[in-house]
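Heads up, the thing below is written out as structure tokens.
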Amino acid sequence: MRIVIFLMSVVGVVIVAGFGFLGYEVYNRASHPERAAQEHGADEGSNAGSAISGVSLPAGATIGEIVPAGIRVVVRVVMPDGSNALYILNPATGELSRAVSEVPAP
């Protein structure tokens, strides 16, 4: 009888530890989605650029808007000639994912 109670206690501890581990992983992946995506290879891959420490803007260019987009940040820059450029940055890694330029119609 004592052996049965001991085995049931061990199984109970293993089940509680398993649920605790699952809860921990769910919390970590919800708090850090970019880490979870990198672990599973779901990163953008072909769109990834090199890590940057700053973006050089031409003289007279101003930052129009900064908008959060998921785990990225989109920065609209107004150039001196009136055109716009969009920079998509990953603040966690400092990567410049892509830059899109727009030229105003004549």
Side-chain angles (χ1 to χ4, degrees):
M1 185 67 165
R2 287 184 180 180
I3 293 176
V4 172
I5 293 174
F6 174 74
L7 290 176
M8 289 175 62
S9 300
V10 170
V11 169
V13 168
V14 170
I15 289 172
V16 168
F19 276 112
F21 177 74
L22 286 175
Y24 172 77
E25 279 299 314
V26 167
Y27 172 77
N28 267 349
R29 290 170 191 254
S31 300
H32 304 95
E34 68 278 357
R35 182 183 66 85
Q38 288 173 354
E39 285 180 2
H40 295 290
D43 201 16
E44 293 176 355
S46 62
N47 292 336
S50 59
I52 58 171
S53 59
V55 176
S56 298
L57 299 176
T62 59
I63 295 178
E65 294 178 70
I66 300 174
V67 180
I71 61 171
R72 309 268 193 257
V73 177
V74 179
V75 180
R76 183 176 65 90
V77 177
V78 180
M79 299 297 178
D81 64 355
S83 64
N84 291 311
L86 298 177
Y87 293 96
I88 301 173
L89 303 169
N90 183 341
T93 61
E95 283 187 60
L96 176 64
S97 296
R98 86 192 95 167
V100 179
S101 297
E102 169 195 37
V103 179

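What's counted below: heavy atoms across the whole structure, side chains too, no hydrogens, waters or symmetry copies. Since the model is a prediction, treat every value here as computed from it, not as a measurement.
Annotation: side-chain contact (heavy atoms from CB on, under 4.5 Å) contacts of Val78 (sequence neighbours excluded): Thr62, Arg76, Asn84. Under the side-chain hydrogen bond (donor to acceptor under 3.5 Å, both in side chains) criterion, Tyr27 pairs with no residue at all, not counting sequence neighbours. For the side-chain contact (heavy atoms from CB on, under 4.5 Å) test, residues two or more places apart in sequence or in another chain that qualify with Ile15 are Val11, Phe19.
Within 6.0 Å of the CD1 atom in Ile3, the count of heavy atoms belonging to other residues, nucleotides or ligands does not exceed 12.
Residue Val4 is found in a hydrophobic cluster whose other members, listed by chain and number, are Met8; membership requires side-chain heavy atoms under 4.5 Å apart, directly or through intermediates. Through ILVMFWY side-chain contacts below 4.5 Å, Val16 is grouped with nothing and stands alone. Grouped with Val26 in a hydrophobic cluster is no other residue, since no side-chain heavy-atom contact under 4.5 Å to another Ile, Leu, Val, Met, Phe, Trp or Tyr is found.
Minimum heavy-atom separation, Asn90 to Ile71: OD1-O, 3.9 Å. For Ala59 against Pro80, the heavy-atom pair with the smallest separation is O-CG, 3.1 Å. The minimum heavy-atom distance between Met79 and Ala85, with the atom names listed, is CE-CB, 3.6 Å.
Pairs passing the side chain to side chain donor-acceptor pair (under 3.5 Å) check and including a residue from residues 14-23, sequence neighbours excluded, do not occur.
Following chains of ILVMFWY side-chain contacts shorter than 4.5 Å, one cannot reach Val67 starting from Val73, and the two form parts of different hydrophobic clusters.
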